[in-house]
A.B. asks: 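Okay, handing you the structure first.
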2 protein chains.
Amino acid sequence: MKQTDELKQAGLKSTLPRIKILKLLETTRDRHLSAEDVYKVMLDNNEGIGLATIYRVLTQFEASGLVLRHHFAERSVFELADSDHHDHMVCVECGKIIEFHDDTIEKQQLSVAKQYKFQIQDHSLCLYGKCENCQ
Amino acid sequence: MKQTDELKQAGLKSTLPRIKILKLLETTRDRHLSAEDVYKVMLDNNEGIGLATIYRVLTQFEASGLVLRHHFAERSVFELADSDHHDHMVCVECGKIIEFHDDTIEKQQLSVAKQYKFQIQDHSLCLYGKCENCQ
DNA sequence: CTTCTTGCAAATCATTTGCAGGGCG
DNA sequence: CGCCCTGCAAATGATTTGCAAGAAG
């Protein structure tokens, strides 16, 4: 059971809710799910996992580095943390999320921070607008 | 009375709460206030303005373009919308906010969006870390 | 006066926490 | 079998809304 090992590696006991949530995240790499989203899927599948557990597990996943948390549209969304760093474009029409990475921007951020003697720990860059289909 | 005119120009009836909130924002251009922040100031000044009104007024200000809303640290903060566009660095220790503008980053964002045929309406770039004093 | 606005309290929303019962190692 | 984990319900914190009383034009 792959997820079991991933959880152990992350320092988390392997339990049914955690395995199922991790599995879901792995099958939805192209999306970014909110706790509520995860909850709905679990409901549909009659997994009997409570919303509080989803929040707890996702927070634990974040703490252990398994997932990343973003704050789009005043709501937390999560994605697996095993891909390279990237920023996001969010379509305000359909909610589609496009990931991108741009070295020029990344480097320039460091440069700007240095100018202000600011020690960057993290950053979030999010472009809002309309994706190709919604224009 | 200057604020009265600004409100009318924005299409809002000039009322005492609105004038006072607008005035406060104008005297705190260097900061970014949350609804709660505004409320506390009003309380200290015995203005007798309810928190709900603050929220309503700030939302109306945003809708009319008078102020900008940001979502730092899972909480909405507002700033007058009359200055040039800039991005933010937020100190995770003391909450200090540093504004900056970088043309290279701005241009690169447009370029990236074009690559994905994404029509940018807005963007938010926020660097999190420690400011000079908190390192 | 008539309508838009406000204050207060109650209602929501997303998220967190307390607690008693359950499941993993 | 002990301790960590879970479900459920109640608690929170931020923000919104309903409604009757109050200001603005």
Side-chain angles (χ1 to χ4, degrees), chain A residues 1-24 32-43 45-64 66-78 95, chain B residues 1 3-24 32-64 66-78 95:
Chain A
M1 184 121 291
K2 197 153 57 77
Q3 284 82 16
T4 299
D5 301 334
E6 295 179 48
L7 287 169
K8 282 184 185 158
Q9 259 184 285
L12 294 170
K13 192 183 280 188
S14 154
T15 67
L16 234 17
R18 287 180 182 157
I19 291 172
K20 285 175 178 162
I21 294 172
L22 183 53
K23 202 174 283 186
L24 172 60
H32 291 59
L33 305 177
S34 66
E36 202 73 40
D37 293 335
V38 173
Y39 182 58
K40 284 193 202 108
V41 173
M42 294 304 169
L43 265 188
N45 296 11
N46 287 2
E47 304 283 17
I49 300 182
L51 183 53
T53 301
I54 312 260
Y55 274 104
R56 270 185 295 234
V57 168
L58 287 173
T59 301
Q60 292 156 354
F61 281 8
E62 184 194 14
S64 66
L66 274 178
V67 307
L68 293 177
R69 180 197 296 255
H70 304 290
H71 301 284
F72 304 147
E74 357 227 325
R75 166 196 264 81
S76 286
V77 296
F78 302 82
Chain B
M1 185 120 293
Q3 283 81 17
T4 299
D5 301 334
E6 295 179 46
L7 287 169
K8 282 183 186 156
Q9 259 184 286
L12 294 169
K13 190 183 281 188
S14 155
T15 67
L16 234 14
R18 286 179 182 157
I19 291 173
K20 285 176 179 162
I21 294 172
L22 183 52
K23 201 174 284 186
L24 173 60
H32 291 59
L33 304 176
S34 66
E36 201 74 39
D37 292 334
V38 174
Y39 181 57
K40 284 194 201 108
V41 173
M42 294 305 170
L43 264 190
D44 290 348
N45 297 11
N46 287 8
E47 305 282 18
I49 299 181
L51 183 52
T53 301
I54 312 260
Y55 275 105
R56 270 184 296 232
V57 168
L58 287 173
T59 301
Q60 292 157 352
F61 282 8
E62 184 195 13
S64 67
L66 275 178
V67 307
L68 293 178
R69 180 197 297 256
H70 304 290
H71 303 287
F72 305 146
E74 355 229 324
R75 162 197 263 83
S76 286
V77 295
F78 302 82

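All heavy atoms count here, side chains included; hydrogens, waters and symmetry mates do not.
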A.B. asks: Look at the side chain of T15(B) and decide which nucleotide, out of dA24(D), dT6(D), dC24(C), has an atom nearest to it.
C.D. replies: dA24(D)
A.B. asks: Whole Å only: how far is the CG atom of L58(B) from the C1' atom of dT5(C)?
C.D. replies: 15 Å
A.B. asks: Please state how far atom NE2 in H71(B) lies from atom C1' in dA14(C), giving the value in whole angstrom units.
C.D. replies: 14 Å
A.B. asks: For a quick check of understanding: with a heavy-atom distance under 4.0 Å over all strands, which category does R75(A) fall into, base, sugar-phosphate or nothing?
C.D. replies: sugar-phosphate
A.B. asks: Does any non-hydrogen side-chain atom of Y39(A) lie less than 4.5 Å from one of I21(A)?
C.D. replies: no
A.B. asks: What I'd like to find out is whether the side chain of F61(A) reaches to under 4.5 Å of the side chain of L12(A), using heavy atoms alone.
C.D. replies: yes
A.B. asks: If you look at every heavy atom in A10(B) and S64(B), which pair is closest and at what distance?
C.D. replies: O-CB, 3.6 Å
A.B. asks: Between S14(A) and L7(A), what is the shortest heavy-atom contact and its length?
C.D. replies: CA-CD1, 4.0 Å
A.B. asks: Less than 4.0 angstrom between a side-chain N/O of T53(B) and OP1 or OP2 of dG7(C), yes or no?
C.D. replies: yes
A.B. asks: Need the bend value for the helix from dC1(C)-dG25(D) to dG25(C)-dC1(D): angle between end axes, 5 pairs each end, nearest 10°.
C.D. replies: 30°
A.B. asks: In whole angstroms, how far is the P atom of dA14(D) from the NE2 atom of H70(B)?
C.D. replies: 19 Å
A.B. asks: With respect to the side chain of A52(B), which nucleotide from dG7(D), dC8(C), dT15(C) is positioned closest?
C.D. replies: dC8(C)
A.B. asks: Between dC24(C), dG25(D), dT6(C), which nucleotide gets closest to the side-chain atoms of K8(B)?
C.D. replies: dG25(D)
A.B. asks: Does dT15(C) have OP1 or OP2 sitting under 4.0 Å from an N or O in the side chain of T59(A)?
C.D. replies: no
A.B. asks: Taking atom C1' of dT16(C) as reference, at what distance in whole Å does atom CZ of R69(A) sit?
C.D. replies: 11 Å
A.B. asks: Under 4.0 angstrom, heavy atoms only, what part of the nucleic acid is L51(B) near: base, sugar-phosphate, or nothing?
C.D. replies: base
A.B. asks: What is the distance, rounded to the nearest whole Å, between atom NZ of K20(A) and atom P of dC24(C)?
C.D. replies: 10 Å
A.B. asks: Distance check: side-chain N/O of R56(A) vs OP1/OP2 of dT6(D), anything under 4.0 Å?
C.D. replies: no
A.B. asks: Give me the atom names and distance for the closest heavy-atom approach of L58(A) to V67(A).
C.D. replies: O-CG2, 4.0 Å
A.B. asks: For the residue pair K20(B) and L24(B), establish whether any side-chain heavy-atom pair is separated by less than 4.5 Å.
C.D. replies: no
A.B. asks: Here's a test of your reading of the structure: between V57(A) and K13(B), which maps to the more 5' nucleotide of DNA chain D?
C.D. replies: V57(A)
A.B. asks: Could you check how far CD1 of I49(A) sits from C1' of dG23(C), rounded to whole Å?
C.D. replies: 14 Å
A.B. asks: Out of dT6(D), dT6(C), dG25(C), which has the shortest distance to the side chain of S14(A)?
C.D. replies: dG25(C)
A.B. asks: Please name all residues satisfying side chain to side chain donor-acceptor pair (under 3.5 Å) with R69(A), sequence neighbours left out, ordered by chain then number.
C.D. replies: T59(A), E62(A), S76(A)
A.B. asks: Could you state the CD1-C1' distance from I54(B) to dT15(D), rounded to the nearest angstrom?
C.D. replies: 13 Å
A.B. asks: dT5(C) P sits how many Å from L7(B) CG, rounded?
C.D. replies: 11 Å
A.B. asks: For S76(B) and dA14(D), is the shortest distance between a side-chain N/O and OP1 or OP2 below 4.0 Å?
C.D. replies: no
A.B. asks: Please report the closest heavy-atom contact between T53(A) and P17(A), naming both atoms and the distance.
C.D. replies: CG2-CB, 4.0 Å
A.B. asks: Can you check whether L33(B) reaches V41(B) side chain to side chain, under 4.5 Å on heavy atoms?
C.D. replies: no
A.B. asks: If you take any heavy atom closer than 4.0 Å to DNA chain C, which residues from residues 32-42 of chain B end up in contact?
C.D. replies: none
A.B. asks: For A35(B) and I54(B), work out which heavy atoms get closest and say how close.
C.D. replies: O-CG2, 3.7 Å
A.B. asks: Would you tell me if any nitrogen or oxygen in the side chain of Y55(B) comes within less than 4.0 Å of OP1 or OP2 on dT16(D)?
C.D. replies: no
